[in-house]
Amino acid sequence: MIDKFAKENLHGRLRRDREALLWKLDGLSEYDARRPLTATGTNLLGLVKHVATVEARYFGEVFDRPSAEPLPRWQDADGSDQWAAEGETRDQIVGFYRRTWEHSDATIDELPVDAPGHVPWWPEPYTDTNLFAVLVHVLGETVRHTGHADILREGLDGRTGLRPEHEQEIDEEARAAYRAKIERAARAAAPIKA
C-alpha cells in the first residue's frame, strides 16, 4: 500500500513540476528564452533541454529501457544539453521534453517501485539503485531547475509562480516597498562600513 502511495505521489509531483518548468517559457521571445541570464550561461530553454536529457537517461538507460530520443553517451557529456544551439527550435526542445515524459511515465507506470536500476555515472557503492530512488532523484533535479527557471523568469519580466492559474497581477509599488523593507533589515543586521 505505501509503495503505491509513494510512487503515485512522487510521480504526480514530477508531472506538476514538469508543467511548471515549461510554463516559464510562455510568452517569451526566442532571444529571452535562450539568452544567458547568469555568469555561467544559465538560460530558460537550456534548463528545459537539460531536464529532458536527465529524465531521458534516468528513466531510460538506468532501467535498460533506452529512450527513442537520440542522446549522446553520458561519458561524452560536454554541457551542450544546457543551451539551445542556433539550429534547435523551442518547439523541438519542448517536443523532446514531452516525448521524454511519455517514455518516463511508461517506465514509472510499468515498473514496481523497487525495480532495480543501474546508474553507471554514480559513484560506487551507489550505482545499483531502484525506481523509488530514481524518482526521488529526478524529482529533485526537476524541482531544483524549475526553481532556477522561476528566478530567471522573475528577472526578465517579474512573473513568478508554480502554475498560471495562481499567478497574480504584478503590483510594482508593493514589490518595491517589500524589497526596500528587506533591504533595510539587511543593512540594519550588517551595517555597511564606510
Side-chain angles (χ1 to χ4, degrees), residues 1-25 42-85 88-152 161-166:
M1 181 66 146
I2 190 71
D3 287 353
K4 183 177 186 223
F5 171 79
K7 184 172 139 176
E8 287 175 358
N9 191 277
L10 292 170
H11 196 184
R13 289 181 178 271
L14 178 61
R15 286 181 172 124
R16 177 198 69 187
D17 292 329
R18 288 168 174 163
E19 293 289 349
L21 179 56
L22 283 186
W23 177 51
K24 299 304 168 185
L25 296 174
T42 305
N43 61 91
L44 289 162
L45 194 55
L47 287 171
V48 171
K49 184 178 175 184
H50 174 67
V51 172
T53 302
V54 165
E55 190 169 319
R57 287 202 190 292
Y58 277 98
F59 292 115
E61 295 172 38
V62 167
F63 297 100
D64 199 23
R65 297 168 58 96
S67 169
E69 300 293 325
L71 298 171
R73 293 174 345 127
W74 64 267
Q75 299 94 326
D76 299 332
D78 62 0
S80 62
D81 72 322
Q82 297 182 17
W83 58 282
E88 291 178 298
T89 69
R90 181 188 320 209
D91 286 344
Q92 286 171 327
I93 291 171
V94 169
F96 164 47
Y97 194 25
R98 289 190 181 279
R99 289 186 305 277
T100 295
W101 296 358
E102 291 174 15
H103 183 263
S104 299
D105 289 347
T107 297
I108 295 165
D109 290 342
E110 292 171 22
L111 297 179
V113 75
D114 62 348
H118 181 76
V119 187
W121 51 89
W122 283 2
E124 289 293 345
Y126 307 105
T127 56
D128 291 324
T129 189
N130 62 32
L131 181 62
F132 178 81
V134 169
L135 258 168
V136 169
H137 181 79
V138 172
L139 178 59
E141 285 284 318
T142 305
V143 169
R144 176 175 176 242
H145 293 309
T146 300
H148 294 150
D150 198 37
I151 291 168
L152 294 178
L162 181 62
R163 294 190 294 263
E165 63 268 21
H166 297 289

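Note that this is a predicted model, so its numbers are computed, not measured. Only this structure's heavy atoms are used, side chains among them; waters, hydrogens and symmetry mates stay out. Numbers here are sequence positions counted from 1.
When the ring pair (Phe, Tyr, Trp, His ring centres under 6.0 Å) test is applied to His148, the partners found at least two apart in sequence or on another chain are His145. Not a single ring pair (Phe, Tyr, Trp, His ring centres under 6.0 Å) links Trp83 to another residue, sequence neighbours left out. Under the rule for a salt bridge (charged side-chain N to carboxylate O under 4.0 Å, His left out), the partners of Glu110 that lie at least two apart in sequence or sit in another chain are Arg65. Residues that satisfy the ring pair (Phe, Tyr, Trp, His ring centres under 6.0 Å) test with His137, not counting sequence neighbours, are Tyr58, Trp122. Scanning for ring pair (Phe, Tyr, Trp, His ring centres under 6.0 Å) contacts around Phe96 gives an empty result, with sequence neighbours left out. Arg98 meets the salt bridge (charged side-chain N to carboxylate O under 4.0 Å, His left out) test with Glu19; sequence neighbours excluded.
Looking at every heavy atom in both residues, Arg18 comes nearest to Thr142 through N-CG2, 4.2 Å. Nearest approach of Ser80 to Lys49, heavy atoms of both residues: O-NZ, 2.9 Å. Contact between Val48 and Leu25 at its shortest, heavy atoms only, is CG2-CD1, 3.9 Å. Scanning both residues, Leu131 and Pro112, for their nearest heavy atoms gives CD2-O, 3.4 Å.
To the nearest 0.5 Å, the span separating CG on Leu47 from CZ on Arg144 amounts to 9.5 Å. Of the inter-residue distances, the one linking Ile93 atom CD1 with Leu44 atom CG reads 11.5 Å to the nearest 0.5 angstrom. Annotation: the span from Glu141 atom CD to Thr53 atom OG1 amounts to 11.5 Å, rounded to 0.5 Å. For the atom pair CG of Asn9 and CZ of Arg13, the computed distance is 5.0 Å after rounding to the nearest 0.5 Å. Phe132 CZ to Asp3 CG: the interatomic distance, rounded to the nearest 0.5 Å, is 8.5 Å. Interatomic distance, CG of Leu21 versus CG of Asp150, reported as 10.5 Å (0.5 Å rounding).
Remark: the Glu55 side chain and the Thr100 side chain contain no N/O donor-acceptor pair separated by less than 3.5 Å. No hydrogens or angles considered: nothing links the side chains of Asp64 and His118 as a donor-acceptor pair under 3.5 Å.
Panel note: side chain Lys7, backbone Ile108; a donor-acceptor pair is recorded below 3.5 Å. Judged by distance alone, the side chain of Asp17 and the main-chain N or O of Ala20 form no donor-acceptor pair under 3.5 Å. The main-chain N or O of Gly12 is never found under 3.5 Å from a side-chain atom of Arg16 such that the two would form a donor-acceptor pair. Thr107 contributes a side-chain N or O that, together with a main-chain N or O of Phe59, makes up a donor-acceptor pair within less than 3.5 Å.
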Chi angles and distances behind the side-chain hydrogen bond (donor to acceptor under 3.5 Å, both in side chains) call for Asp91, Thr89
CA-CA 5 Å; Asp91 286 344; Thr89 69; 5.4 Å; no
Under the criterion side-chain contact (heavy atoms from CB on, under 4.5 Å), I'd like the reasoning laid out for Trp121 against Val62: C-alpha separation, chi angles, the key distance, then a yes or no.
CA-CA 10 Å; Trp121 51 89; Val62 167; 3.9 Å; yes
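Between Asp109 and His11 there is a side-chain heavy-atom pair separated by less than 4.5 Å. Contact check for Phe5 versus Val113: no side-chain heavy atoms found under the 4.5 Å cut-off.
A salt bridge does not link Arg57 to Asp81: none of the charged nitrogens lies less than 4.0 Å from a carboxylate oxygen.
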